[in-house]
Amino acid sequence: MQTQDAQTATDPSTPHVPAATEAGGGPPLSPFRYTADLAAQIELRWQDRWDERGTFHTPNPSGPLTDAAGEHADSGSPSFFIMDMFPYPSGAGLHVGHPLGYIATDVVGRHRRMCGDNVLHALGYDAFGLPAEQYAVQTGQHPRVTTEANIATMRRQLRRLGLAHDPRRTFATTDSDYVRWTQWIFLQVFGSWYDAQAPRPDGGTGRARPVSELVEQYEQGLRATPDGRPWSELDDVERRRVVDAQRLAYMSETPVNWCPGLGTVLANEEVTVDGRSERGNYPVFRRSLRQWNMRITAYADRLADDLDLIDWPDKVRAMQRNWIGRSEGAQVTFEVIGGAELGVFTTRPDTLFGATFMVVAPEHPLLDEVPPAWPDGTHSTWTVGHATPIAAVAAYRAEAAGRSAVERQADTSKSGVFTGHLAINPVDGRPIPVFTADYVLMGYGTGAIMAVPGGDERDFAFAQAFELPVVHTVAPPEGFEGGAWTGDGLVVNSTSAELSLDGLDVATAKATVVEWLEARGLGTGTVTYRLRDWLFSRQRYWGEPFPIVYDEHDLPIALPDELLPVDLPEVPDYSPRTFAPDDAQSTPEPPLGRNEEWVSVTLDLGDGPRTYRRDTNTMPNWAGSCWYYLNYLDPSRRDVVVDAELERYWMGPGHNAQTGPSGGVDLYVGGVEHAVLHLLYARFWHKVLYDLGHVSSVEPFRTLFNQGYIQAYAYADARGQYVPAAEVVEDQGVASGYSWQGQEVFREYGKIGKSLKNSVTPDEIYEAYGADTFRLYEMSMGPLDLSRPWETRAVVGSQRFLQRLWRNVVDETTGEVTVVDAEPDLATARLLHRTIDEVRTEMDGMRFNTAIARLIVLNNHLTSLAQVPRTVAERLVLMVAPLAPHIAEELWELLGHPQSLVREPYPVADPALLVQETVTCVVQVQGKVRDRIEVSPDIDPDELRALALATPGVQRSLDGRGIRTVIVRAPKLVNVVPD
RNA sequence: GCCCCCGUAGCCCAACCGGCAGAGGCAACCGGCUUAAACCCGGUCCAGUGUGGGUUCGAGCCCCACCGGGGGCACCA
């Protein structure tokens, strides 16, 4: 998923954060003072202890993974499964923005654990991908070497944060035994077809089934073959072709983004708006190439409908719905003069009478044959100067092929040409010209449209350019200026001998015309999706090989389970073969094809040893992140993709009180940049696994949370050159308010990174303040879902809080514990319990910034006491523990507890201490505060009303005026409305 | 062009169902501590909620329009 690249990678170079507390020399401070040095000692010690003691070993209900004492979890115990989006281990190291989500999930996990849940939280690495491959190409080093070094660096940086991950459950997508199961899932998809009529356990209709059941249906004659011949008359190769065409993973000629300069196909998101490669800026061409696809479109409805079952941000659900792009309309068949038929999809069948021409995409097969001469009535502007339709269409097709999809869509001017074909409008029998134009896309609907210039702005623009007639079929409102009317209204101009829609509203007209078309076999009501099938192959080295071989018929054959995993072969060169950047006709040559000994393989697949050819593509980077959540449940278990009992315990529907009918991961935190692709692909795989009976949950991720980004200020001088942000000072002497080395600089806000010279690394902050301060600062900066600026000089506030907490328990000159066993006074007890109550609410809502504010208030109150009562200090320490775990553990131990606090119950408020003795009631006159009175919280409203009316403030404001009404909201507010 | 989110103190941010605009932090300033400075401790200062209308007894919160910032989609028939 390359989450790592979401925020620009940084240079972990020289620290430029001042040492926080020991600056300026002077006498050494007490060793018992909570300085960065002491924090570091405490933090490193506890991190080692947690590892040694297996503190975060999360027990499964069965199997090899137990807790540190060797116990399994009770299968009825509440489970809570937390995940971070899979990091890509980049070589550049982390900056302070990266850990934000990891800290947040860690805080949630530690908190839930103290609330009694069995918490599953671990972190693996999404380690296949382009950066490692590019680096390998540059250095000649194997990508595995750099990948493993990067993972080690990232592990070290993250370990220093004190994350409560189960260390036994980490893995990388590049591990051979992980690849094995990625390939296994691919074979499950390959081995399935979608039966749209089959009932599902969740009550719906349509599910994936093994292709063996499809074959059975053919054998039993329950299903007709595509050409209608009996199954028994088809030969083996024909039968395989019939089945292969219906698999959920299938090969087909697909138009792709081919980049000769890089020697590889690119995903759409790797191509810039002007149709060039993001990396290297080479031209990208559309080429039809034989590629693997996954039939995600079969799941379009379920992927859209089941968004209602899960607790995701509305924005992300909207983006997925938008991406799936379900639209309802009709498929209509137009007869083409000369014998052919042309099917179109339209969402506006009610406008059929306004269809004055048709347009097909340049790639449309209808254009493979066009009339030899222009028909009578051809308008001179339609031919664009060509002598024959053949010449015109050939020229236009060539022109369109030379433009990338992105270029075509960026240019909204209407180009095109008449094809010489005439079609018959089915509702009134009129002949209408068929054009080709690249504003119609081959990949959507049928690649052909009926053009209604009176009701569609694009068609109108085309009609203007080519002098085509415009008929309005929906009456526009008064004062309509002309052009296309796309709004609602009553249908007009829509009557033929057999059908009239005039006078109907649009919705009724749609239904009427669809019924009419269906009765005559001219069309059907249908649903179309924007979503396309998923292009699943890449011509790269550093990815999962396909577990597929080809026989002499060039048809794919799945490798049997026992031959998995198919590991990557050694090759002489990791880079794809590149071509002249503008050589559009070149063809990709995958790096895996360079090892002939590997490509050609002799196997006995049941009919004796034969020679096969391996698939030399690799899977896209998304493959490994499509199922990794299942692997956390037990990465050591290799006999099944996921153990059914573990899946039910951690992910099944109803596995804890919050989980709804969908089941799935309880909390999934990551950036919104994965809103569509990763999250859609993973949901798709999960539903396939559900259909095939491998998982009980309907959705993989029950709750999704998008954290904001941490960005930072950057400063540029008058020439626009960036200067090191850490060296900029506030300067009232210049207009901008900031200067660097005496010259005025201007502040900007942007991503943290090398290019803006504003990078700050976690290592610098650990060094200057410690991990607990760093964690606390990131959690207190603001709400988790908001992006916000990093400000190193503000970090000290969090350190001061922890220092005060430390001093509330420990004498910093002697190191002695100073708490007393006396009971707290009533005010302190009240504050404690109110704090517990509020902090619980805020923690449950993941509002850590406000939770911390409450803890600061309590902590500050304790500093004002001559002696701190132990019971209060202990509960404060427990409440701080999820946020700043190391100092909390240390204080907990100093307070006399030999056991770690990670499973200590989170404090519970005493309701008796939450009720207030008196409440301040605000007395308003006409909405303005005029007085305040102290009243009992359960005061009678009538009594309160009388008290309020008697207050001097009300009397003064009324000044003799009468009272129209009095609004009483006991016990907090009374509002007097005067006449 | 269309859709979504956000505009509260010098800065980052709170404010429950519409009910006293301030919880917390940073910065600044004053005082204490100190030979001095830093750290630390105590205190002070600081906005009427982007703008203009509307609804309401009462609006930061609801509605409309606009301005500014961020994001998504964009020839999808």
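If you're wondering where the values come from, they're calculated on a predicted model, not measured in any experiment. A, B, ... follow the sequence lines: proteins, then strands. Residue 1 opens every chain.
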Exercise for review: State whether Phe466(A) and Lys414(A) meet the cation-pi test: NZ (Lys) or CZ (Arg) under 6.0 Å from the six-membered ring centroid, and within 45° of the perpendicular axis.
Suggested key: no
Exercise for review: Describe the nucleic acid contact of Asn860(A) in one word from base, sugar-phosphate, nothing, applying a heavy-atom distance below 4.0 Å.
Suggested key: sugar-phosphate
Check your understanding: Touch check for Thr446(A), heavy atoms < 4.0 angstrom, all strands: base, sugar-phosphate only, or nothing?
Key -> nothing
Check your understanding: For Lys972(A), which contact category applies under a 4.0 Å heavy-atom criterion: base, sugar-phosphate, or nothing?
Key -> base
Practice item. For Lys414(A) and for Thr863(A), locate the closest nucleotide of RNA chain B by heavy-atom distance; then report the residue assigned to the nucleotide nearer the 5' terminus. Key: Thr863(A)
Practice item. Select base, sugar-phosphate, or nothing to describe what Arg530(A) touches, counting heavy atoms under 4.0 Å on all strands. Key: base
Exercise for review: Would you classify Ala794(A) as touching base, sugar-phosphate or nothing, given that sugar-phosphate means primed atoms plus P, OP1 and OP2, and contacts are heavy atoms under 4.0 Å?
Suggested key: sugar-phosphate
Check your understanding: For Glu399(A), does the CD atom have more than 12 heavy-atom neighbours from other residues, nucleotides or ligands under 6.0 Å away?
Key -> yes
Point to revise | Inter-nucleotide C1' distance (C39(B), U34(B)), Å rounded | key: 11 Å
Review point. Is Ser787(A) touching bases, backbone alone, or none of the nucleic acid, heavy atoms closer than 4.0 Å?
Key: sugar-phosphate
Review point. Using a cut-off of 4.0 Å on non-hydrogen atoms, how would the nucleic acid contact of Gln924(A) be classed: base, sugar-phosphate, or nothing?
Key: base
Check your understanding: In terms of side-chain geometry, is the basic nitrogen of Asp837(A) or Arg834(A) positioned less than 4.0 Å from the acidic oxygen of its partner?
Key -> no
Practice item. Return the nucleotide paired to A14(B): Watson-Crick means purine N1 to pyrimidine N3 with N6-O4 or O6-N4, wobble means G-U with N1-O2 and O6-N3, both under 3.5 Å. Key: none
Exercise for review: Counting Watson-Crick and G-U wobble pairs only, both distances under 3.5 Å, name the nucleotide matched with C73(B), or none.
Suggested key: G1(B)
Point to revise | Residues Glu791(A) and Tyr777(A): side-chain donor-acceptor under 3.5 angstrom | key: no
